[in-house]
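Note sheet for the following structure.
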2 protein chains.
Amino acid sequence: MTKKTPKHAYIKSYEYIRDKILNGELPRGTKLTEERIAEELGVSRTPVREAIRKLEQEGLILQKKVVNPTDSDLRNIFQVRILLEGYAARYSATYMSEESLEELWKCIVTARTGTTEEIMEANEKFHNIIVQTSNNPFMIDIIDRMQSIIYLFRKTVVYYKRPFLIDEHEQIYKAIYHHDGDEAERLMKEHLQKDLDFCLHYFQQ
Amino acid sequence: MTKKTPKHAYIKSYEYIRDKILNGELPRGTKLTEERIAEELGVSRTPVREAIRKLEQEGLILQKKVVNPTDSDLRNIFQVRILLEGYAARYSATYMSEESLEELWKCIVTARTGTTEEIMEANEKFHNIIVQTSNNPFMIDIIDRMQSIIYLFRKTVVYYKRPFLIDEHEQIYKAIYHHDGDEAERLMKEHLQKDLDFCLHYFQQ
DNA sequence: TTTAATTTTTTTGTATACAAATTTAATTAA
DNA sequence: TTAATTAAATTTGTATACAAAAAAATTAAA
């Protein structure tokens with residue numbers, strides 16, 4: 001019965017635009033105008049403007065247009081992700097709690113048996129648990145900001161069923177389980193590099 | 001005839017607030033109100049509001065208040081900086097141009113002989129050249145966003161004359177000069193770690 | 001035809017108004 | 001006194017209006 005109505009118009013606008021970009025309804029390169037979106041949402045331009053600014057900061061909108069990342073952009077974004085998540089994986093090997101470890105394992109099980117939508121979620125959660133374990137809100141925030149763009153790639157990886165995706169997750173899990181930080185970092189970096197290579201292959205649509 | 005508005009009001013507002021925070025005129029913890037700043041600047045609330053949002057994204061303002069970072073915040077921010085600049089240093093050892101290398105050396109010379117203000121600049125430039133060499137706009141952007149906060153610390157390091165600051169720069173320079181990526185990364189990480197330790201010591205104001 | 005200059009339309013940036021929410025101050029009850 | 005309530009004030013979020021700037025369409029000149 002409780003409908004999750006965002007309290008503020010600018011949050012509503014933000015989520016509306018973001019979701020339209022992420023699910024492809026607003027194709028890359030589309031020019032956004034405050035007026036039109038405001039009309040669609042039945043709000044004024046003021047909150048829409050704020051939402052667009054936020055999306056610009058997140059890199060999903062560039063000069064009023066939906067981003068259209070080049071291969072080089074993808075490589076650059078992943079380079080950062082590899083550094084940060086690699087560190088988080090190493091850190092996790094020492095500091096991850098029992099509960100998180102169990103959660104991590106559940107992600108692997110779900111990803112093996114679930115629907116595409118469940119795999120998407122499990123995949124996201126797997127990485128999230130590790131990132132959260134870094135216990136560095138500043139780092140978490142940076143990765144959060146990348147999340148929207150990362151989502152665009154995760155979709156590719158899951159939808160086109162990249163081979164060994166879950167096997168790699170399992171290997172990472174084991175390294176963390178055995179408190180082997182070096183190995184966890186190495187495997188995570190390798191894993192993300194493969195994601196990147198796979199995406200680059202499929203990204204010339 | 002051109003108007004007396006060379007810039008946009010929201011840019012003017014952004015720079016005004018940022019500078020006031022960075023030079024200490026707005027002490028940490030100060031609550032900012034859109035109205036007052038708008039009045040001070042002789043503009044309306046609309047552009048001020050936009051500026052504050054941007055500063056919030058950059059981490060200089062948190063919940064309408066000037067940030068007041070804790071020790072733990074400093075550690076977290078530096079952890080990210082160490083990762084990214086460490087990578088950039090390693091990369092620089094292979095890819096830095098002759099011109100940049102010369103510029104880098106100039107920074108060291110200036111820092112040895114210059115005024116405090118010149119040392120500040122040379123210090124900033126030294127790190128900037130290395131970051132730019134990473135040739136990753138995405139990474140550069142993240143470090144840029146941290147720049148305002150980093151500035152707060154750089155001031156501490158230079159003002160209180162942290163020992164061996166420039167010697168460490170010289171060591172890093174040499175490692176890059178000799179294309180020793182491993183060493184460049186190691187030294188850069190060590191260098192930033194010392195900056196952090198020093199700041200933590202002086203930061204109980 | 002293309003190119004340049006012009007007008008028209010759209011879109012943005014800013015100011016302003018006002019209600020809702022929040023904070024602060026004042027008042028009352030314990 | 002302190003705690004709880006209420007009233008006043010400040011501050012925020014949003015809508016709206018309008019001028020400046022940018023983009024698109026039109027016309028004139030090559």
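Since the model is a prediction, treat every value here as computed from it, not as a measurement. Throughout, protein chains are lettered first and strands after them, A, B, ... in sequence-line order, and every chain is numbered starting at 1.
Atom CZ of B/Arg49 and atom C1' of D/dT12 are 6 Å apart (whole Å). Rounded to a whole Å, the CD1 atom of A/Ile11 is 16 Å from the P atom of D/dT12. B/Glu35 has its CD atom 16 Å from the P atom of D/dA9, to the nearest Å. In this structure, A/Tyr10 places its OH atom 6 Å from P of D/dG13, rounding to the nearest Å. One interatomic measurement links the two molecules: NE2 of B/His8 to C1' of C/dT11, which rounds to 13 Å at whole-angstrom precision. Distance, A/Lys54 NZ to D/dG13 C1': 16 Å, rounded to whole Å. Rounding to whole angstrom units, NZ of residue B/Lys31 and P of C/dT22 are separated by 14 Å. Across the protein-nucleic acid pair, A/Glu34 atom CD and D/dA20 atom C1' stand 15 Å apart, rounded to whole Å.
Under the 3.5 Å distance criterion, with hydrogens and angles disregarded, a donor-acceptor pair is assigned to the side chains of A/Asp197 and A/Gln193. In this model, a donor atom of one side chain and an acceptor atom of the other lie less than 3.5 Å apart for A/Gln57 and B/Arg145.
Every residue two or more places apart in sequence or in another chain was checked for a salt bridge (Lys or Arg N to Asp or Glu O under 4.0 Å) with A/Lys155, and none qualifies. With sequence neighbours excluded, no residue forms a ring pair (Phe, Tyr, Trp, His ring centres under 6.0 Å) with A/Tyr14. Checked against side-chain contact (heavy atoms from CB on, under 4.5 Å), B/Glu25 has the following partners two or more places apart in sequence or in another chain: B/Lys20, B/Asn23. Qualifying salt bridge (Lys or Arg N to Asp or Glu O under 4.0 Å) partners for A/Glu34, counting only residues two or more places apart in sequence or in other chains: A/Arg45, A/Arg49, A/Lys64.
In this structure, A/Leu32 reaches the sugar-phosphate backbone alone: every heavy-atom distance under 4.0 Å involves primed, P, OP1 or OP2 atoms, never a base. No engagement by A/Glu50 is indicated, since no non-hydrogen atom pair under 4.0 Å with the nucleic acid exists.
The aromatic rings of A/His191 and A/His169 lie perpendicular to each other, with more than 60° between the two planes, well past the 30° mark.
Residues from residues 56-64 of chain A placing a heavy atom under 4.0 Å of any atom in DNA chain D do not occur.
Using modelled atom types, one side-chain atom of B/Thr30 and one backbone atom of B/Pro27 make a donor-acceptor pair closer than 3.5 Å.
When each of A/His127, A/Arg90, A/Gln171, A/Arg81 is checked for a side-chain contact (heavy atoms from CB on, under 4.5 Å) with A/Met188, only A/His127 meets the rule.
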Between protein and nucleotides 15-17 of chain C, what N or O pairs are separated by less than 3.5 Å?
| unit_1 | atom_1 | unit_2 | atom_2 | d |
| --- | --- | --- | --- | --- |
| C/dA15 | OP2 | B/Ser44 | N | 2.5 |
| C/dA15 | OP2 | B/Ser44 | OG | 2.7 |
| C/dA15 | N7 | B/Thr46 | OG1 | 2.9 |

